[in-house]
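Remember, it's 1-based here, ligands and their atoms both numbered in the order they're listed. Quick caveat: nothing in here was measured; it's all calculated off a predicted structure.
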Amino acid sequence: MNLVFLGPPGSGKGTQAVRLAEKLGLVHLSTGDVLRDAVKKGTPLGLEADGYMKRGELVPDALIVGLIESRITNGDLSRGFILDGFPRTVPQAESLKGMLDKNGVTLDTVICFKIADGEVVKRLSGRWFCPKCNAGYNYPAQMPKTEGVCDNDGASLQRRPDDEESVVRNRLEVYKKQTQPIVDFYRAESLLTELEAQKSPDEVFESLLSQVS
Ligand code: AP5
């Protein structure tokens with residue numbers, strides 16, 4: 001099964017992709033995670049992407065398309081995949097179609113997560129993570145035992161720089177301008193399924209499972 005998860009920042013794409021990939025044995029490819037890792041390691045990709053990400057803008061299409069193309073052509077995704085955060089622009093969606101056609105791969109469904117802006121701001125202003133083990137927390141629903149400290153290894157929790165409210169608001173604007181148009185692209189291809197994402201993680205997962213099975 002080959003899926004694309006599409007939706008505003010904070011709509012739960014990453015949370016649900018991890019669960020679904022584990023349940024169905026799929027590869028979860030998050031372009032945001034790949035870019036953050038590149039920034040952390042200071043690679044040329046990371047150095048180029050860093051400023052765009054801090055401002056809540058999209059990194060240039062060419063950087064992202066090259067990254068996905070190498071993963072498709074080297075067979076990395078052959079047991080089925082969830083693309084989380086890609087494509088995000090019409091040119092990226094067109095490039096993906098070309099890459100998949102060229103490699104004889106079919107996309108099964110594009111899941112579009114639906115959520116209100118206010119809920120996004122609330123979720124992202126409460127998001128914390130451990131820089132050592134990557135465990136995620138969300139205040140006040142998922143608090144660590146000691147505020148600001150990871151339950152697993154005692155490291156100090158951090159926030160993503162792009163979760164600062166003004167940057168989140170810019171990410172929402174960028175989503176509406178640059179990413180929303182691909183909803184129509186996939187609707188026209190009869191691949192689009194909408195998912196109500198403003199429910200508890202378990203409820204969203206139940207709906208997701210029923211949509212992909
Ligand atoms: P990326 O990392 O993809 O960010 P995003 O799409 O903005 O997604 P988030 O990770 O913020 O949210 P999510 O929907 O995955 O939600 P999550 O499950 O984490 O991209 C970051 C940046 O990289 C971009 O701004 C851009 O610069 C660049 N980039 C990436 N891909 C690109 C591309 N293709 N082209 C160009 N640039 C690109 O959940 C969020 C929080 O809410 C968590 O704390 C979670 O615990 C909580 N939560 C989840 N579900 C629920 C629920 N049901 N109820 C309550 N809380 C919940």
Side-chain angles (χ1 to χ4, degrees), residues 4-21 28-40 45-46 48-69 71 82-96 111-130 134-144 157-165 167-180 182 195-208:
V4 164
F5 281 8
L6 177 65
S11 54
K13 304 180 297 296
T15 303
Q16 298 298 333
V18 168
R19 289 179 72 166
L20 192 66
H28 169 210
L29 178 54
S30 155
T31 41
D33 286 348
V34 172
L35 291 169
R36 275 184 292 281
D37 189 52
V39 170
K40 200 168 163 186
L45 171 67
E48 200 160 344
D50 193 26
Y52 294 101
M53 295 175 79
K54 282 199 176 115
R55 292 188 296 273
E57 295 166 10
L58 298 184
V59 308
D61 287 338
L63 284 182
I64 291 288
V65 168
L67 195 134
I68 298 288
E69 187 158 30
R71 297 290 299 267
I82 303 172
L83 296 182
D84 162 12
F86 178 91
R88 254 170 152 108
T89 62
V90 172
Q92 288 183 19
E94 287 166 344
S95 299
L96 177 64
I111 307 280
C112 181
F113 287 58
K114 309 293 285 180
I115 189 169
D117 289 2
E119 176 69 12
V120 164
V121 173
K122 195 176 109 197
R123 285 186 190 179
L124 296 187
S125 61
R127 173 160 65 182
W128 292 79
F129 72 96
C130 172
N134 224 23
Y137 299 87
N138 201 298
Y139 293 8
Q142 300 164 262
M143 295 285 287
L157 300 181
Q158 293 182 0
R159 297 190 63 211
R160 268 171 53 174
D162 61 347
D163 279 349
E164 203 265 308
E165 185 171 337
V167 184
V168 170
R169 297 222 176 257
N170 191 38
R171 287 162 65 195
L172 282 166
E173 283 312 303
V174 167
Y175 178 79
K176 283 168 197 160
K177 277 198 200 118
Q178 293 179 262
T179 306
Q180 213 135 315
I182 66 177
L195 177 71
E196 177 47 66
Q198 204 160 320
K199 295 183 289 185
S200 74
D202 286 347
E203 287 171 316
V204 176
F205 190 59
E206 283 293 306
S207 311
L208 180 58

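- When hydrogens are left out, the protein atom nearest atom 44 (O) of ligand 1 is Asn138 ND2, 2.6 Å; that is the closest non-hydrogen contact.
- In this structure, Gly136 falls outside the shell of residues with a heavy atom less than 4.0 angstrom from ligand 1.
- Put simply, CZ on Arg171 and CG on Leu58 are 10.5 Å apart, with the number rounded to the nearest 0.5 Å.
- Counting only heavy atoms of the protein, atom 29 (N) of ligand 1 lies nearest to Leu35 CD1, 3.5 Å.
- The shortest N or O to N or O distance between Gly12 and ligand 1 is under 3.5 Å.
- Counting heavy atoms only, Thr31 comes closest to atom 31 (N) of ligand 1 of the residues Leu96, Asp163, Thr31.
- Distances from ligand 1 to the non-hydrogen atoms of Ser200 include at least one value under 4.0 Å.
- When all heavy atoms of Val59 and Ala49 are compared, the closest pair comes out as CG1-CB, 3.7 Å.
- Inclusion of Gln92 in the set of residues having an N or O under 3.5 Å from an N or O of ligand 1 is warranted.
- Counting heavy atoms under 4.0 Å from ligand 1, residue Val59 touches it through both backbone and side chain.
- Residue Pro8 places a heavy atom under 4.0 Å from ligand 1.
- Between Gln16 and ligand 1, no N or O atom pair is found at a separation short of 3.5 Å.
- Annotation: atom 19 (O) of ligand 1 to nearest protein heavy atom, Arg127 NH1, 2.8 Å.
- Where the criterion is an N or O separation shorter than 3.5 Å, residue side chain and backbone included, Gly10 meets it with respect to ligand 1.
- For the pair Tyr52 and ligand 1, the shortest N or O to N or O distance does not fall below 3.5 Å.
- A heavy-atom distance below 4.5 Å is found between the side chains of Pro60 and Tyr52.
- Taking the ring axis of Phe86 as reference, the NZ or CZ atom of Arg88 does not stay both within 45° of it and closer than 6.0 Å to the ring centre.
- Interatomic distance, Leu208 CG to Glu203 CD, rounded to the nearest 0.5 Å: 13.5 Å.
- Considering every non-hydrogen atom in both Arg36 and Asp33, the closest pair reads NH2-OD1, 2.9 Å.
- Here the closest non-hydrogen pair linking Val174 and Gly56 is CG2-O, 3.6 Å.
- Once rounded to the nearest 0.5 Å, the distance linking NZ of Lys114 with CG of Leu6 reads 9.0 Å.
- Looking from atom 53 (N) of ligand 1 to the surrounding protein, the closest heavy atom is Lys199 O, 2.8 Å.
- Taking all atoms of both residues into account, the shortest heavy-atom contact from Gln180 to Lys176 is CB-O, 3.4 Å.
- Looking from atom 32 (C) of ligand 1 to the surrounding protein, the closest heavy atom is Arg88 CD, 3.4 Å.
- The shortest heavy-atom contact between Asp84 and Gly14 is OD2-CA, 3.4 Å.
- Considering only non-hydrogen atoms, atom 10 (O) of ligand 1 lies nearest to Arg160 out of Met53, Arg160, Glu119, Lys13.
- Atom 18 (O) of ligand 1 has Thr15 OG1, 2.5 Å as its closest protein atom, hydrogens excluded (heavy atom only).
- In this structure, Gly12 and Arg123 approach most closely via the heavy-atom pair N-NH1, 3.9 Å.
- Looking only at distances, a side-chain donor or acceptor of Gln16 sits under 3.5 Å from a matching main-chain atom of Pro201.
- Considering both main-chain and side-chain atoms, Gly14 comes within under 3.5 Å of ligand 1 through a nitrogen or oxygen pair.
- When the heavy-atom distances from atom 56 (N) of ligand 1 to Arg123, Glu203, Arg171 are ranked, the shortest goes to Arg123.
- The shortest side-chain heavy-atom distance between Leu20 and Phe205 falls under the 4.5 Å cut-off.
- Proximity of Val167 to Pro161: side-chain heavy atoms (C-beta onward) are nowhere separated by under 4.5 Å.
- Heavy atoms of Gln198 come nearer than 4.0 angstrom to ligand 1 in no pair at all.
- By the 3.5 Å distance cut-off applied to N or O atoms, Gly85 is counted among the residues near ligand 1.
- Ligand 1 has a nitrogen or oxygen under 3.5 angstrom from a nitrogen or oxygen of Arg36.
- When non-hydrogen atoms are compared, ligand 1 lies under 4.0 Å from the side chain of Ile64 (C-beta onward) but not from its backbone.
- If you check each of Arg19, Gln142, Glu57 against atom 26 (C) of ligand 1, the one with the closest non-hydrogen atom is Glu57.
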